[in-house]
K.L.:
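This is the structure, below, for whatever I ask next.
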Amino acid sequence: AQGQTITAVMHSSLRVLDPIITTAHITRNHGYMIYDTLLATDHDNKIQPQMVEGWKVSDDGKTYTFTLRDGLKWHDGQPVTADDCVASIKRWAQQDKMGQMMAEMLTEMKAVDAKSFTMSFSEPGDLVLRALAKPSGIAPFMMPKRIAETPATQAIKEYVGSGPFKMVESEFRPGLQVVYEKNQDYVPRKEAPSATAGGKHVYVDRVKWIATPDAMTSVNALVNGEIDYLEQLPYDLAPIVESNDGIKVEVLDPMGYQTVMRMNHLHKPFDNKLIRQAAMYAVNQESILQAQIGNPKYYQTCPALFGCGLPYESKAAEEISVKGNIDKAKELLKQGGYDGTPVVILQPTDTPSVNSQPVVIAQALRAAGFKVDMQAMDWQTVVTRRAVQAPPSQGGWNIFATNNTMIEALDPLRAFGVVANGPKAWFGWPDVPAIEKLRLEFARATDEAQRKDLAHKIQALVVEEGVLLPMGQYFVPAAFSKKLSGVMPSPVPVFWNIKKSAG
Amino acid sequence: MFNFILRRAAASIPVMAVVAAVVFAILRLTPGDPAAIIAGDSATPEQLGEIRRMMGLDQPLYTQFFMWIWRLLQGDLGTSLLSGVPVTEMIAQRMGPSLALCLSTITLSVLIAVPLGILAAWRQGRLLDRMVMAGSVLGFSVPVFVTAYVLILFFSLELRWFPVQGYKPLDAGLLPFVKSLALPTLALSTIYVALIARITRTSIIEVMGEDFIRTARAKGLREGGVLFGHALRNAAVPIVTIIGVGIAMLISGVVVTESVFNLPGLGRLVVEAVLARDYPVIQALILLFAFIYVFINLIVDALYTVFDPRIRY
Amino acid sequence: MSNTTTATPDGAIGSAPPAQPRSVFWTTIRSWPVMTAIAILVLLVLVAVFAPWLHTVDPTALNPAARLKPVSPDYWLGTDAYGRDVFSRVLYGARVSLVVGLGAALLSVALGLAIGLAAGYFRWMDAIVMRVMDGLMAIPGILLAIALVSLSGASLVTVLVAITVPEIPRVVRLVRSVILSVRNEPYVEAAVSLGTPTFTLMRRHLMPNTLAPLLVQGTYVFASAILTEAILSFLGAGVPPEVSSWGNIMAEGRAYFQLLPGLVLYPGILLSLTVLSVNVLGDALRDALDPRMSQRV
Amino acid sequence: MNHYHNDGNRASAEAPVLTIEGLEVRTPARDGVPGRVVVRGMNLAVHAGETLCIVGESGSGKSVTSLAVMGLLPRNALAPVAGRIIVDGEDILQAGPKRIRELRASRMAMVFQEPMTALNPVQPVGRQVEEVLKLHTRLAAAERRKRVLDMLDSVHLPDIERVYESYPHQLSGGQRQRIVIAMALILKPRLLIADEPTTALDVTTQKQILGLIRELQTRHGTAVVFITHDFGVVAEIADRILVMNRGEVVETGTRDQILAAPAQDYTRMLVSSVPSLIPQPRPALQGEVVLQVRSLNKLYYKAKKPFRKQESVAAASDVSLTLRRGEILGIVGESGSGKSTVARCVVRLIDPSSGEVRLLDRDITGLGRGGMLAMRKKIQIIFQDPYRSLNPRRRVGDSIIEGLLNFGVSHADALKQAVRAMELVGLSADVLDRYPHQFSGGQRQRICIARALVMEPDVLVADEAVSALDVSVQAQVLKLLEEVRQRVGVGVLFITHDLRVAAQICDTIVVMQHGRVVESGAALEVLSRPRQDYTKALIDAAPGRDWDFQNFRPAPSAA
Ligand SMILES: Nc1ncnc2c1ncn2[C@@H]1O[C@H](COP(=O)(O)OP(=O)(O)OP(=O)(O)O)[C@@H](O)[C@H]1O
Ligand SMILES: Nc1ncnc2c1ncn2[C@@H]1O[C@H](COP(=O)(O)OP(=O)(O)OP(=O)(O)O)[C@@H](O)[C@H]1O
Ligand SMILES: [Mg+2]
Ligand SMILES: [Mg+2]
């Protein structure tokens with residue numbers, strides 16, 4: 001009755017509606033539906049203006065002035081003002097890691113008039129642009145001032161943005177469905193759309209995200225024409241869909257994902273670098289990826305911590321990360337004086353994308369001579385357990401595996417897994433000051449070649465020290481009905497530019 | 001009757017109290033932290049602590065428990081930790097599909113099973129009886145999700161009669177509503193048909209051995225008259241009991257069925273909530289289920305008086 | 001199906017069964033469906049015990065290069081998503097299912113018997129115990145199980161406990177109803193007046209009456225435990241994936257149902273066959289031991 | 001003999017309403033083994049207006065015969081294999097099921113033993129009676145209702161409008177039996193079969209029901225087949241008597257022939273086993289007092305309803321009695337008068353609400369579990385139901401020595417004593433390792449007595465210990481008790497509702513009504529010169545008072 005609707009099954013269900021408070025991808029995706037960003041990153045990883053008309057840099061390179069473009073309106077009809085943006089940036093900068101980095105250098109941020117504001121920094125650099133164009137992690141979405149003034153640790157209660165879609169709050173069912181309708185007042189940019197940048201033209205009336213708890217069910221529903229779009233097609237079910245004339249299977253996020261292994265540096269046996277290396281040598285990417293993905297079309301072994309085919313690609317420490325070498329592992333184990341302390345591996349059982357890695361890791365470690373204690377639990381328990389710093393015997397852990405989207409691990413600043421400042425670092429708490437030093441240099445570097453070199457060095461250190469082990473890169477195909485046209489490649493699934501034909 | 005209801009209501013208070021305490025204890029002893037879910041994958045420990053504080057999860061357990069009970073007594077079930085939506089509202093949103101599924105399952109099962117059970121009792125020891133009984137044992141023996149998959153494969157993907165998944169509320173039209181419920185109902189019904197048919201059969205056979213059946217025959221009543229005029233109502237109490245028990249059991253079946261068929265009901269909500277440690281939601285739902293259980297038992301007991309005039313409360 | 005309470009309003013089981021002539025027992029047991037059921041169960045136990053010698057490989061051995069292979073001479077029932085041999089997994093899975101079934105049956109019967117005896121005989125305990133049992137019954141078993149498994153992590157023991165706990169109240173009710181109906185039997189009162197001490201009285205005169213119904217109830221717990229294990233696996237709260245059980249083979253295989261239906265169907269068929277056999281056996285025992293018990297499901 | 005003439009009937013007035021010739025009933029053959037014969041060579045004839053009593057011990061085939069007539073034999077268990085059953089000129093065994101259904105209730109009707117279970121508990125009784133009319137007549141609803149009400153009236157039910165709407169559980173046993181009779185007779189059948197219709201009833205009610213059947217019979221000229229094992233009833237109502245034993249007819253004849261001059265030994269034995277209502281004079285006992293009950297009260301509380309005071313039933317109030325060594329003290333009274341309550345309080349199976357029970361001059365009222373345990377040896381109880389008094393799973397020997405073992409006797413000694421006790425009750429010692437189901441009811445009751453006696457108690461409480469037994473067995477057990485009393489000198493508290501039994505065995509009698517003792521004294525005194533109206537009514541109601549069974553003659557017109 002409401003004209004054209006796209007029904008989509010997303011990778012998970014939407015419950016948390018505040019895109020600043022969580023890094024959950026589904027909430028980020030929701031953010032791109034109803035909010036807009038000041039800057040954006042295009043398909044070629046170039047920074048583009050989005051809500052702003054443009055920006056000016058002062059001669060000393062320390063002050064940026066941003067000017068909003070015309071016609072921006074909140075969903076409640078109020079115009080978007082510079083004040084709103086200042087408040088939004090403030091809130092975001094408290095939550096996002098890159099934002100925090102930026103905030104440390106920020107000396108002043110203020111609205112100049114209704115449509116422009118300035119940001120001044122203690123040092124010259126373009127960090128502000130990279131931060132504000134950040135497409136993932138916590139993306140800097142703009143909200144009206146009254147909402148953006150909600151403390152950063154409290155979830156917002158009002159969902160008013162200026163993005164191309166409006167949320168139909170009456171139809172929101174936490175965990176089940178969320179419905180968006182076209183924002184008639186939205187003024188798209190003139191440029192062609194490109195990833196999260198460019199003109200966000202909406203051609204359908206409504207977009208409905210539903211959640212299905214069962215992969216099989218979603219695929220069947222797609223085949224049966226009950227849904228139009230499946231964000232993540234389970235690899236093993238691809239053949240069913242591929243053989244179907246009405247359905248297109250396509251990898252929309254060209255950067256893909258990376259699966260990683262993390263060891264706990266605080267406790268035996270992985271407080272010993274040699275033993276960490278032994279574990280890393282034991283694992284080989286191919287079998288991890290085979291078990292996890294299966295179909296070689298969708299994965300590649302990759303030594304690059306910051307992504308193969310991406311700006312900071314490097315082959316550093318390749319011999320450790322890619323092939324694996326069981327003899328070397330055994331030798332290192334002996335050198336490290338492994339005393340048979342069992343390795344506690346956290347194994348989630350309810351989340352397909354991380355179910356298989358621990359199983360393969362366990363088998364590899366056993367082959368190398370480790371004693372392994374697999375502990376199965378649901379993902380929520382993994383999430384809690386991995387934060388426990390106590391020894392494995394008292395509820396702690398030694399190994400867990402997870403996945404990163406490459407867009408969040410694109411460079412040493414975004415990649416939270418390479419942070420190595422001890423107790424403040426991500427779970428596993430590696431303490432390698434050399435890495436931190438290089439990262440600081442990276443943040444300050446302005447020359448791309450210099451950055452590449454730094455990234456290369458960081459990668460070598462990260463892997464050799466056993467901070468984070470990349471276990472391969474993979475790509476997630478989306479499947480959608482051929483009734484949809486204009487589905488764009490993008491690291492974030494977007495629903496503008498899509499047209500739906502009848503019938 | 002009024003007295004009876006009062007008494008039962010009073011008797012259910014300790015039951016509910018036990019439920020509340022058990023549920024609370026189990027949940028809070030369970031590892032897993034809703035704060036971590038909200039914070040996401042890359043959150044720092046400080047952020048986590050901040051969110052925990054915000055949600056009151058840093059309070060001592062007993063404080064949390066009494067806070068919960070206190071609010072409960074005021075009719076406040078709390079809000080979902082994840083979505084911030086009041087639990088009552090979430091329950092209201094999810095009630096429809098579950099209710100529809102349960103009602104249709106019970107109705108279908110009773111409509112099929114009672115005649116089947118009667119038929120089996122009627123032909124006791126004969127082929128028909130054996131077949132019904134064999135079928136009913138089989139009904140217990142197949143996991144509901146296997147039944148569900150087979151039904152989907154056949155009726156949805158082969159015949160394309162019914163949708164694979166999803167729920168269409170009644171306002172979307174009767175036909176879509178019925179279609180969306182058809183397979184889940186069928187899948188869930190197998191076990192109840194089996195259960196009720198067996199009980200019907202045995203209790204009718206039991207009653208048919210009673211003295212008053214002989215009296216009825218001595219009057220010159222035909223077997224049909226004996227069965228329907230005298231046996232059935234006497235067999236009703238165990239049948240009603242098992243239907244009541246079945247409704248209580250249904251909840252487990254609903255959890256699985258709703259997952260397979262993607263029905264946005266309470267069953268799925270509770271599993272999601274458990275996996276996400278959304279305490280207020282889990283607590284409220286289990287209390288709700290327990291309440292339904294108690295309530296169904298009350299109805300069943302009240303129904304006894306309808307079927308059996310000897311039972312008075 | 002064991003997850004039901006007694007069919008009578010207060011669960012009274014009536015007077016003690018008159019001892020049946022042996023021949024009735026054996027004719028009931030010796031019908032072909034029952035003999036088939038027993039044969040199947042015996043075969044299963046043998047398979048479970050001798051799994052390592054039945055042309056199996058290590059059921060946990062991964063081989064990601066050979067995942068999701070169809071049935072072939074190398075893989076008699078194909079391989080699963082990790083390239084594990086399904087035939088081996090299914091055979092070893094019999095162990096887990098039988099352990100879960102038997103364990104749940106024994107545990108729930110033992111605990112239920114102890115609690116039920118106490119509640120049925122000591123009237124002052126009755127009110128308290130039964131309220132707690134009512135409370136436990138009011139919590140849907142599957143949810144309790146999910147919560148318990150989340151609580152202490154997925155392991156065979158946890159799953160066993162999680163399946164057993166919700167069954168206990170039913171056993172307690174059953175035992176209690178038997179005790180209530182027997183405690184005023186003249187022969188029990190006669191024993192009282194002969195000065196038989198309470199615990200001897202329970203052991204000698206009360207407990208044996210619960211044996212037959214418990215045996216039957218035990219078979220139903222057995223059957224439903226196997227099913228529940230499968231459902232728990234299905235919901236992601238079953239035994240750890242490293243352990244092969246029919247439940248988690250099916251749960252993992254369900255994503256590939258349309259590609260390799262065998263992953264669900266082979267263990268599914270075995271599971272149904274087992275449950276079916278146990279149920280048939282339970283029904284037969286019930287009919288053989290006490291026809292009056294056929295009232296309970 | 002009353003030859004009733006029914007016009008419009010083809011059969012001659014002299015032809016019997018029911019004739020059975022050479023009837024044989026068997027259980028079905030299984031696996032080539034021919035079925036067991038249950039009834040064989042049955043011959044009988046009943047004329048209009050006549051009452052034929054079929055007597056015989058339990059299991060002799062009385063019920064099977066009557067069910068065969070009605071065509072109600074359980075289909076898979078029993079079948080008539082030979083003979084003819086002719087009702088009003090029509091052979092039942094040849095008639096099709098439809099025809100038999102037509103005959104039931106209209107031509108032949110049956111009243112069953114258990115009034116408690118013979119009626120559908122979930123239907124108002126009026127409807128159940130009316131159903132007969134619905135099935136066999138084309139009367140309009142109002143007419144039917146009127147006929148039913150008339151019938152209820154003619155079976156002397158009070159307040160018939162209310163009774164019509166009542167459910168069975170809302171009526172007393174006697175009232176229910178009247179309903180069943182009304183149901184059987186509403187179509188004025190030619191033949192009424194009554195299978196132990198009064199066995200479950202009080203003597204007073206029994207008397208009324210017997211009178212009622214008699215009255216309706218004379219009014220409609222019905223032929224009645226009356227099945228019973230109670231010779232008192234037989235003496236009261238029979239025109240002719242048929243004696244059965246083990247599925248066969250032993251003897252048949254008029255009432256006086258059978259009761260006064262039985263031709264067969266079996267019949268003689270049966271008739272002479274019926275205890276006399278007139279007690280033997282007995283010397284007053286002066287032995288030591290072993291049991292004294294003073295002002296015993298027992299209240300049963302009903303489940304409390306909210307906002308109401310808790311209701312209670314006084315099952316025993318202010319009961320006092322004294323039992324001496326070697327004395328048999330009978331407690332008699334109608335059902336529900338509190339007899340068992342007193343017994344159970346005395347044995348402390350239940351706790352008295354107030355009052356005092358002194359055993360061997362020691363107050364046991366307040367003893368706890370432990371204290372009572374020590375006293376248990378001194379007082380033993382025997383229950384009514386011999387089938388449920390022994391643990392079916394234990395060998396009888398184990399049951400008998402259980403008590404001794406509890407009191408620290410060694411296994412070997414206990415066994416020796418058990419053997420002696422078995423001899424005392426007339427069983428051989430080699431049956432000790434058998435199970436209870438291998439014994440008959442009478443044997444089981446002896447075993448129970450042995451179990452009690454082996455403890456060498458000072459007081460034996462027998463609660464309806466012989467009520468479930470056939471007269472012949474009953475006589476044996478009573479004799480046994482008498483012997484034991486003499487040999488062991490135990491004091492016996494003997495509870496019964498059967499005045500004949502009480503008269504036979506008791507030294508003293510206590511009459512109870514509504515939980516109170518209404519009269520007590522020497523047996524001869526109480527039974528032959530009752531002072532209370534209640535006692536008098538009780539004695540009046542005892543059937544067959546005007547027949548002296550043991551001496552095969554009408555009773556001397558005393559009593
Ligand atoms: N349904 C049945 N199946 C097999 N045998 C039966 C069945 N009913 C009765 N009998 C047998 O038939 C015989 C006669 O039984 P019947 O009931 O006629 O005895 P009865 O004289 O009425 O005894 P009672 O005084 O105890 O009522 C018994 O030996 C009994 O075991
Ligand atoms: N457990 C009980 N709870 C409540 N009332 C009871 C209980 N037992 C007996 N009564 C009541 O107490 C009264 C006396 O019962 P009791 O069994 O002593 O009678 P009785 O004389 O032995 O009868 P009968 O001859 O039928 O055995 C009856 O009104 C009975 O309903
Ligand atoms: Mg009989
Ligand atoms: Mg009594």
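Throughout, protein chains are lettered first and strands after them, A, B, ... in sequence-line order, and every chain is numbered starting at 1.
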K.L.:
Flag the one option from Val144(B), Val146(B), Ile286(B) with the top tally of heavy-atom pairs under 4.5 Å to chain C.
P.N.:
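With the most close heavy-atom pairs to chain C, the winner is Ile286(B).
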
K.L.:
Within the side chain of Trp246(C), is there an N or O that forms a donor-acceptor pair under 3.5 Å with the backbone of Val90(C)?
P.N.:
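Judged by distance alone, yes, a pair lies under 3.5 Å.
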
K.L.:
Can you tell me if Thr305(B) uses its side chain to pair, donor with acceptor, with the backbone of Ala302(B) under 3.5 Å?
P.N.:
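Between the backbone of Ala302(B) and the side chain of Thr305(B) there is a qualifying donor-acceptor contact (under 3.5 Å).
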
K.L.:
Looking only at the side chains, is there a donor atom on one of Thr228(C) and Glu167(C) sitting less than 3.5 Å from an acceptor on the other?
P.N.:
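Thr228(C) vs Glu167(C): no donor-acceptor pair found between side chains.
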
K.L.:
Any salt bridge linking Asp126(C) with Arg123(C)? Criterion: basic side-chain nitrogen under 4.0 Å from a carboxylate oxygen.
P.N.:
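Looking at Asp126(C) and Arg123(C), the cut-off is met.
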
K.L.:
Give, as side chain, backbone, both or neither, the part of Val22(B) having an atom under 4.5 angstrom from any heavy atom of chain C.
P.N.:
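Looking at Val22(B), just its side chain touches chain C.
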
K.L.:
Considering only heavy atoms, which portion of Val15(B) lies under 4.5 Å from any heavy atom of chain C: side chain, backbone, both, or neither?
P.N.:
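Both backbone and side chain.
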
K.L.:
Which bit of Leu138(B) is near chain C, if near means a heavy-atom gap under 4.5 Å: side chain, backbone, both or neither?
P.N.:
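Both backbone and side chain.
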
K.L.:
By a 4.5 Å heavy-atom criterion (distance strictly below it), what part of Ile231(C) contacts chain B: side chain, backbone, both, or neither?
P.N.:
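Both backbone and side chain of Ile231(C) come within 4.5 Å of chain B.
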
K.L.:
Should Arg94(B) and Glu258(B) count as an ion pair when the cut-off is N to O under 4.0 Å?
P.N.:
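Salt bridge: no.
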
